[in-house]
Structures are given as C-alpha cells and as structure tokens.
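These notes are about the structure you will find just below.
Along the sequence shown, residues are numbered consecutively beginning with 1. All values below come from the heavy atoms of this structure, side chains included, with hydrogens, waters and symmetry mates left out.
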Amino acid sequence: MTLQDLRQALDRVPNVGHVYGNFPENQEMPYIAYTATEENPIYSDGKIIYSESSIELKLVTRYRDLSAEDYIDKLLTACHTQFNKAYEVDGEQKTHTTTYTFTVD
C-alpha cells in the first residue's frame with residue numbers, strides 16, 4: 001500500500017472525515033488524522049530503489065467507535081498491512097483517540 005492508496009481507502013470510511021497532518025483545523029468529530037513520521041529509503045548504486053514510510057493514523061472520536069475501528073482494522077488487513085494499535089482518553093478535551101502505526105511503500 002502506498003500513501004496515495006491509503007488516502008483513497010480512507011475516502012471510503014463511512015461517516016468519518018480525514019486529513020493529512022497532525023493538527024487539523026476546524027475538523028468535526030469523528031475524524032482521522034494521518035501523517036508520515038519517518039522514511040526509510042534503500043539505495044543501490046547511489047539511487048533509491050525502494051522506500052518505506054512509517055505512518056501514524058489517529059481516529060479521534062467523542063466516544064470509542066468500535067465500528068470505525070473495525071472498518072480501519074479490516075482495511076489495513078485487506079491490504080496485508082501489519083499494524084500496532086493504542087488507545088488514549090483525554091478527559092479535558094473529552095476525546096478518545098485510537099492510534100494505528102504501520103508502514104507503507
């Protein structure tokens with residue numbers, strides 16, 4: 001999966017907007033914010049022959065949204081993408097964030 005493939009796949013997540021970057025402005029909940037956090041190129045003869053990008057994808061909701069999480073889990077699994085998943089509750093902001101980390105080509 002490439003970053004472009006990911007963007008197109010996120011277009012199909014029902015009832016959840018998405019934005020590339022860490023600080024979405026005026027984005028209504030629920031939303032997905034995703035960004036590339038690191039790139040690991042492989043060189044041969046001084047040229048990049050392959051590159052992977054580490055992605056951090058955050059699903060931000062008022063309450064834990066199991067159906068949106070399930071959709072994202074299935075989307076990543078269908079693309080043969082291994083991922084890690086973590087949860088965070090912010091009582092002050094009254095948000096629940098599910099964070100996925102994985103790599104794309």
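Every residue meeting the side chain to side chain donor-acceptor pair (under 3.5 Å) condition with Ser67, not counting sequence neighbours, appears here in chain and number order: Asp65. Partners of Tyr34 according to the ring-ring contact (aromatic ring centres under 6.0 Å, His included) rule, which considers only residues two or more places apart in sequence or in another chain, are Tyr20. Qualifying side chain to side chain donor-acceptor pair (under 3.5 Å) partners for Asp5, counting only residues two or more places apart in sequence or in other chains: Thr2. Applying the ring-ring contact (aromatic ring centres under 6.0 Å, His included) criterion to Tyr100, with sequence neighbours excluded, gives Phe83.
Within a 6.0 Å sphere centred on CG of Asn40, heavy atoms belonging to other residues, nucleotides or ligands number more than 12. Within a 6.0 Å radius of CD in Gln4, more than 12 heavy atoms belonging to other residues, nucleotides or ligands are found.
Residue His18 comes nearest to Leu10 through the heavy atom pair CD2-O, 3.5 Å, listed as atom of the first residue, atom of the second, then distance.
Residue Val19 is not grouped with residue Ile32 when hydrophobic side chains (ILVMFWY) are merged at heavy-atom distances under 4.5 angstrom, including chains of intermediate members. Hydrophobic clustering (ILVMFWY, side-chain heavy atoms < 4.5 Å, transitive): Tyr71 and Phe102 are in one cluster. Placement of Val13 and Leu3 within a single hydrophobic cluster is found when ILVMFWY residues are connected by side-chain heavy-atom separations under 4.5 Å, directly or transitively.
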Taking only distance into account, with no hydrogens and no angle test, what donor-acceptor pairs under 3.5 Å do side-chain atoms of residues 45-62 form with protein atoms, sequence neighbours excluded?
residue	atom	partner	partner atom	Å
Tyr50	OH	Glu52	OE2	3.4
Tyr50	OH	Asp105	OD1	2.7
Ser51	OG	Glu39	OE2	2.8
Thr61	OG1	Tyr63	O	2.6
Thr61	OG1	His96	O	3.4
Arg62	NH1	Gln93	O	3.1
Arg62	NH1	Lys94	O	3.0

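Using a 4.5 Å cut-off on side-chain heavy atoms (C-beta onward), Met1 and Leu76 make contact. The side-chain heavy atoms of Glu88 and Thr99, taken from C-beta on, include no pair separated by under 4.5 Å.
In the hydrophobic clustering, Leu66 connects to no other residue, as no ILVMFWY side-chain heavy atoms lie under 4.5 Å from its own.
Within the structure, the salt bridge (charged side-chain N to carboxylate O under 4.0 Å, His left out) test picks out the following pairs touching residues 7-17 (sequence neighbours left out): Arg7-Asp11. Judged as a salt bridge (charged side-chain N to carboxylate O under 4.0 Å, His left out), the pairs with a partner in residues 69-78 (not counting sequence neighbours) are, in order, Arg64-Glu69, Glu69-Lys85, Asp70-Lys74, Asp73-Lys85.
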